[in-house]
2 protein chains.
Amino acid sequence: MDWQEKLNQEGLRVTHPRRVVISVLEQSGTPLSPQAIHRRSLEAKEEIGLVSVYRTLDLLTELGLVRRVHGQNECQCYVLASPGHYHHLVCQHCGSAVEFSGMEDLSSLLAPIELETGFTINEHLLQFSGVCPECQRRTGYHDQE
Amino acid sequence: MDWQEKLNQEGLRVTHPRRVVISVLEQSGTPLSPQAIHRRSLEAKEEIGLVSVYRTLDLLTELGLVRRVHGQNECQCYVLASPGHYHHLVCQHCGSAVEFSGMEDLSSLLAPIELETGFTINEHLLQFSGVCPECQRRTGYHDQE
DNA sequence: ATTCTTATTGAAAAATATTTTCAATAAGGA
DNA sequence: TCCTTATTGAAAATATTTTTCAATAAGAAT
């Protein structure tokens, strides 16, 4: 089910600003701040209001169509969610982000922590940062900035 | 080595605002926003400027004495760092945070990911959220909010 | 103790980010 | 094509963070 169907299903409308936000996120692949998304929409001559960007991101996050990513500095960024993947790997140089698989066993690490702390764990946020292959090739850069 | 020695070592001064910020964080145990820290300092009749709170948090984070924690809503919170522990578990009810150990082997998960993606991984951000034992007892609440 | 140097502070202003309000618009069913 | 109402965008309100700079105080030197 794509995002338009999802919206319909919820009785929500497929509007111009929503189309633009999704399109910008699709083009990017990188986590973007609301401001960055707005800027790019203007650059693409698709003029939408900043307020709508905020509202759209809230909505799409609610629906699970985009995810919020917390970097060390930029703290309010959003990426399109590929369903089933919940972890990000972000390049410190160019900002590109990929999702990766193979962390299904993370949940097996949870049990000992729940035991140690007495917490019930419901959610987690995992994000790696490093240098992507492109940037390694281009710059010969490997270490942390 | 305590924080005062650490500052001296770096040629930095042990000042009133820095003492107050650390003290507030010690009292709390919970991650606090710069504003919250400032508010509490005033309540404790230890009047310091909000600007100094920001600057102190930046500094202490730099020195690894406090860590920044990203909640789902509150996004700019800080807790005192227990050395050697790097991961947080935050209660969705009361906001209390603990650091936990036993994730040393997280780095062993990195290799396959580096192989899959071609990235060089330098940093990671890992945070669990759930319900702390206190809140479980008080409310009988276990599931995600 | 006192003086000196300079890191640090706090107030104000500037810059930036986010939320609220509300009349005007347009999505999509009838 | 009309109608209902979810949604938009502009402006204002609010909140957050950073910058600037003269005044202060930490701590080394005397």
Side-chain angles (χ1 to χ4, degrees), chain A residues 1-24 31-63 65-66 68-78, chain B residues 1-24 31-63 65-66 68-78:
Chain A
M1 175 170 52
D2 73 352
W3 65 273
Q4 310 204 354
E5 293 175 60
K6 180 92 179 184
L7 289 188
N8 286 332
Q9 196 185 42
E10 303 281 333
L12 300 166
R13 294 176 181 174
V14 175
T15 65
H16 183 58
R18 288 171 186 171
R19 251 190 286 265
V20 173
V21 168
I22 296 248
S23 150
V24 167
L32 297 175
S33 65
Q35 270 78 9
I37 293 171
H38 184 236
R39 199 176 323 117
R40 294 196 185 197
S41 83
L42 298 184
E43 284 164 13
K45 302 273 183 269
E46 301 286 356
E47 318 232 330
I48 62 178
L50 177 57
V51 194
S52 295
V53 175
Y54 276 100
R55 283 187 290 224
T56 299
L57 289 172
D58 279 351
L59 182 73
L60 295 176
T61 302
E62 193 102 0
L63 295 176
L65 294 168
V66 311
R68 193 159 155 191
V69 172
H70 303 258
Q72 41 276 299
N73 322 306
E74 290 270 281
C75 198
Q76 195 74 298
C77 290
Y78 298 82
Chain B
M1 175 169 49
D2 74 350
W3 65 274
Q4 309 205 356
E5 292 176 58
K6 180 92 180 186
L7 289 189
N8 286 331
Q9 197 185 40
E10 302 282 332
L12 300 166
R13 295 176 181 175
V14 175
T15 65
H16 182 59
R18 287 171 186 170
R19 251 190 285 265
V20 173
V21 168
I22 297 247
S23 149
V24 167
L32 297 175
S33 66
Q35 270 78 10
I37 293 171
H38 185 235
R39 197 175 326 115
R40 293 196 185 198
S41 83
L42 298 185
E43 285 165 12
K45 303 272 184 268
E46 301 286 355
E47 317 233 330
I48 62 179
L50 178 57
V51 194
S52 294
V53 175
Y54 276 99
R55 282 186 291 222
T56 298
L57 289 172
D58 279 352
L59 181 73
L60 296 176
T61 302
E62 193 101 1
L63 296 177
L65 295 169
V66 310
R68 193 158 156 192
V69 172
H70 303 258
Q72 41 276 299
N73 323 306
E74 291 269 282
C75 200
Q76 194 75 298
C77 290
Y78 298 82

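Each chain gets a letter, A, B and so on, in the order its sequence line appears, and its residues count up from 1. Hydrogens, waters and symmetry mates play no part in the numbers below; they use all other heavy atoms, side chains included. Remember, predicted model here, so these are calculated numbers, not experimental data.
- The Q35(A) side chain lies nearest to dA17(C) when the options are dA7(C), dA17(C), dA26(D).
- Minimum atom distance to the side chain of V14(B) is reached by dG27(D), of the listed dG27(D), dT8(D), dA12(C).
- Among the nucleotides dT9(C), dA11(C), dT8(C), the one closest to the side chain of S52(B) is dT9(C).
- Here the NE2-CD distance, from H38(B) to E43(B), works out to 11.0 Å after rounding to the nearest 0.5 Å.
- With values rounded to the nearest 0.5 angstrom, D58(A) atom CG is found 8.5 Å from R68(A) atom CZ.
- The CG atom of L65(A) sits 11.5 Å away from atom CG of L57(A), with the distance rounded to the nearest 0.5 Å.
- Phosphate contact (OP1/OP2 of dT17(D), side-chain N/O of Q76(B), threshold under 4.0 Å): present.
- Atom CG in L12(A) sits about 15 Å away from atom C1' in dA26(C), given to the nearest Å.
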Report all interatomic pairs (protein N or O, nucleotide N or O of nucleotides 2-6 of chain C) with separations under 3.5 Å.
| residue | atom | partner | partner atom | Å |
| --- | --- | --- | --- | --- |
| dT6(C) | O2 | R13(B) | NH1 | 3.4 |
| dT6(C) | O2 | R13(B) | NH2 | 3.3 |

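- Here the straight-line distance linking atom CZ of R55(A) with atom CG of L50(A) works out to 10.0 Å at 0.5 Å rounding.
- The nucleotide whose nearest atom lies closest to any side-chain atom of P34(B) is, among dT8(C), dT17(D), dA11(D), dT17(D).
- Comparing dT18(C), dT19(C), dT7(D) against the side chain of T15(A) picks out dT7(D) as the nearest.
- Nucleic acid contact class of R55(A) (heavy atoms, under 4.0 Å, all strands): base.
- The side chain of R18(A) lies closest to dT8(D) when the candidates are dT8(D), dA11(D), dG27(D).
- Nucleotides of DNA chain D nearest to G49(A) and N8(B) differ in position, and the one nearer the 5' end is that of G49(A).
- Under the 4.5 Å side-chain criterion, counting only non-hydrogen atoms from C-beta, T15(A) is not in contact with T56(A).
- To the nearest 0.5 Å, the span separating CD on Q4(B) from CZ on R19(B) amounts to 6.0 Å.
- Heavy atoms only, all atoms of each residue included: R13(B) and L7(B) are closest at O-CD1, 3.6 Å.
- The interatomic distance linking Y54(B) (OH) with dA12(C) (C1') rounds to 16 Å, in whole Å.
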